[in-house]
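Comments concern the structure below.
Fair warning: this is a prediction, and the values are worked out from it, not measured in the lab.
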Amino acid sequence: MKEYNNLVKDIKNKNFLPIYFLEGEEPFYIDKISTLLEENVLSEEEKAFNQTIIYGTETDLDSIFSLAKQFPMGAERQLIIVKEAKGLNFDKSESFENYIKNPQSSTILVINYKYKALDKRKSLTKQLNQRGYIFSSDKLYDNQVPAWIGSLCQSSGLEIDEKSKALLAEFLGSDLSRIDNEVQKLKLILRDSKKITPEIIEKNIGISKEYNNFELRKAIVEKNAAQAYKIIDYFEKNPKANPIVITFGTMISFFSNLLIVHSLPVKTPQNIAKELKINPFFANEYITAIKNYPLKKTTLCISYLRDADMKSKGVQVSSQATTKDILMELIYKILH
């Protein structure tokens, strides 16, 4: 995020590079940088003759670099943005390598290479890196998302506690664009107040702070049957907000990780977080879980979950069985 913030600062200060090669599996930063350049390089009057947006599916590399070598009309610069460029073979492009060595100083060329990355062994990639023309946007691991939410809130002038970060990460997953949209929505709602809490999230994003997969997992870990059944009852009444497939995915992931924890020679929260690549906030759950779910029981729980998942898809189940019936039976087996 530091590299991104520095790049944003330079763009806003009109310190432009001749080439921005934006690559990687995470589209959030690629979209943000591309949009920021579109907003800052040219005035609205200059855009008519000096801004060109083309798509990789509708052009070829020679045409792109031929266009990039042209001069602007009545402006200091021209801006060329290439979108959906992942189908173009930049790795083997002689015209691209030649252009990197001597880019047109009055052209700003922006290449959106989403979901792909250049071959790091190629001299072309090394040249881009040496000149600072390449920005790699890697997908975050699930355990990195809460910290990213914290950084996003801080840069947005907001405060957020650990539980709220975990709750947002649990509900929104690793879709950074969606998280950013929700955080900016909360910023508008909060106005003078700067603190994001579970109550604020529940009220404005539609996540129940008491009835979600995060709390269901906690109830199961602690063998709190009454709370687990309450949550399932809530899920049944709010199926769109709590799809069963996500519930099963969350629980299967947890018990699969618990198998790994059972095999660890060192079972400290720090080591568990490191080995599972999870937020340390969740590591203590596994400390409690290994006491309540021995290795044999953990294996059985995974079997119960896979069986329930099949039943939810209509396999080997009575036609009268509801989602609630399947979940209730599953929780009973896990907790007993």
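By the 4.0 Å N-to-carboxylate-O rule, K218 lies too far from E285 to be salt-bridged with it. With respect to D119 and R121, a salt bridge is recorded, a charged nitrogen being found less than 4.0 Å from a carboxylate O. Between E159 and K194 there is no salt bridge, since no side-chain N of the basic residue sits under 4.0 Å from a carboxylate O of the acidic one. Between D161 and K165 there is no salt bridge, since none of the side-chain N atoms of the basic residue sits less than 4.0 Å from a carboxylate O of the acidic one. The pair K311-E329 meets the salt-bridge criterion, since a charged nitrogen lies less than 4.0 angstrom from a carboxylate oxygen. E215 has a carboxylate O that lies under 4.0 Å from a charged side-chain N of K163, or vice versa, which qualifies the two as a salt bridge.
For the residue pair S34 and D31, no side-chain donor N or O sits within less than 3.5 Å of a side-chain acceptor on the partner. Side-chain atoms of S137 and E23 form no donor-acceptor pair, as typed in the model, at a separation below 3.5 Å. Looking at D180 and S177, their side chains never bring a donor and an acceptor atom within 3.5 Å of each other. Side-chain contact check for N98 and S95: no donor-acceptor pair (N or O, by modelled atom type) lies under 3.5 Å. Under the 3.5 Å distance criterion, with hydrogens and angles disregarded, a donor-acceptor pair is assigned to the side chains of Q127 and E97.
A donor-acceptor distance shorter than 3.5 angstrom exists from the side chain of E46 to the backbone of S43, with no hydrogens or angles considered. Of the possible polar contacts, one joining the N292 side chain to the V221 backbone as a donor-acceptor pair under 3.5 Å is found. T125 places no side-chain N or O within 3.5 Å of a backbone atom of L118 that could act as its donor or acceptor partner. Judged by distance alone, with hydrogens and angles left aside, the side-chain atoms of N271 form a donor-acceptor pair with the main-chain N or O of V266 at under 3.5 Å. Put simply, the side chain of K187 gets close to the backbone of S156: a donor and an acceptor are under 3.5 Å apart. Looking only at distances, no side-chain donor or acceptor of D307 sits under 3.5 Å from a matching main-chain atom of S303. No donor-acceptor pair under 3.5 Å is formed between the side chain of D309 and the backbone N or O of L305.
Dense packing is recorded around NZ of K333, with more than 12 heavy atoms of other residues, nucleotides or ligands lying under 6.0 Å away. Shown here is K277, whose NZ atom has no more than 12 heavy atoms of other residues, nucleotides or ligands within 6.0 Å. More than 12 heavy atoms of other residues, nucleotides or ligands lie within 6.0 Å of NZ in K297, so this atom counts as buried by the packing criterion. For K296, the NZ atom is loosely surrounded, since the number of other residues' heavy atoms within 6.0 Å does not exceed 12. The environment of Q154 atom CD is sparse: at most 12 non-hydrogen atoms of other residues, nucleotides or ligands sit within 6.0 angstrom. Shown here is K47, whose NZ atom has more than 12 heavy atoms of other residues, nucleotides or ligands within 6.0 Å.
I64 approaches L109 most closely through the heavy-atom pair CG2-CD1, 4.1 Å. L79 and E38 get closest at one heavy-atom pair: CD2-CA, 3.8 Å. Minimum interatomic distance between P103 and I19 (heavy atoms only, all atoms of both residues): CB-CD1, 4.3 Å. The shortest non-hydrogen separation linking Q227 to N224 is N-OD1, 3.1 Å. The minimum heavy-atom distance between Y4 and K32, with the atom names listed, is OH-CB, 3.4 Å. The shortest non-hydrogen separation linking K267 to I272 is O-CD1, 3.8 Å.
Checked against the 6.0 Å centroid criterion, the rings of F214 and F282 qualify as a close aromatic pair. Annotation: F65 is in aromatic contact with F96 [ring centroid separation under 6.0 Å]. Between W148 and Y141, a ring centre-to-centre spacing not shorter than 6.0 Å is recorded. The ring of F90 has its center closer than 6.0 angstrom to the ring center of Y113.
Interatomic distance, CG of L276 versus CD1 of I260, reported as 5.5 Å (0.5 Å rounding). Residue T52 holds its OG1 atom at 9.5 Å from CD1 of I81, rounded to the nearest 0.5 Å. For the atom pair CG of L140 and CD of E25, the computed distance is 12.5 Å after rounding to the nearest 0.5 Å. Here L327 contributes atom CG and Y229 contributes atom OH; the two are 11.0 Å apart, rounded to the nearest 0.5 Å. To the nearest 0.5 Å, the span separating CG on L88 from CG on D60 amounts to 8.0 Å. Atom CG of N213 is separated from atom OG of S253 by 11.5 Å, given to the nearest 0.5 angstrom.
The shortest distance between side-chain heavy atoms of K120 and N129 does not fall below 4.5 Å.
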Problem set entry | Test side chain to side chain contact (heavy atoms under 4.5 Å, CB included) applied to L152 and Q184, step by step | CA-CA 10 Å; L152 174 65; Q184 299 314 318; 4.2 Å; yes
Problem set entry | R77 and F16: CA distance, side-chain angles, deciding distance, side chain to side chain contact (heavy atoms under 4.5 Å, CB included) verdict | CA-CA 10 Å; R77 306 179 183 90; F16 302 119; 3.6 Å; yes
For this session: Would you sort out whether K185 and L188 count as a side chain to side chain contact (heavy atoms under 4.5 Å, CB included), showing the intermediate values?
Result: CA-CA 5 Å; K185 183 172 78 175; L188 290 173; 5.8 Å; no
Problem set entry | From CA spacing to verdict: side chain to side chain contact (heavy atoms under 4.5 Å, CB included), Y20, I11 | CA-CA 11 Å; Y20 292 86; I11 292 170; 4.0 Å; yes
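Geometrically, K223 engages Y293 in a cation-pi contact defined by less than 6.0 Å to the ring centre and at most 45° from the axis.
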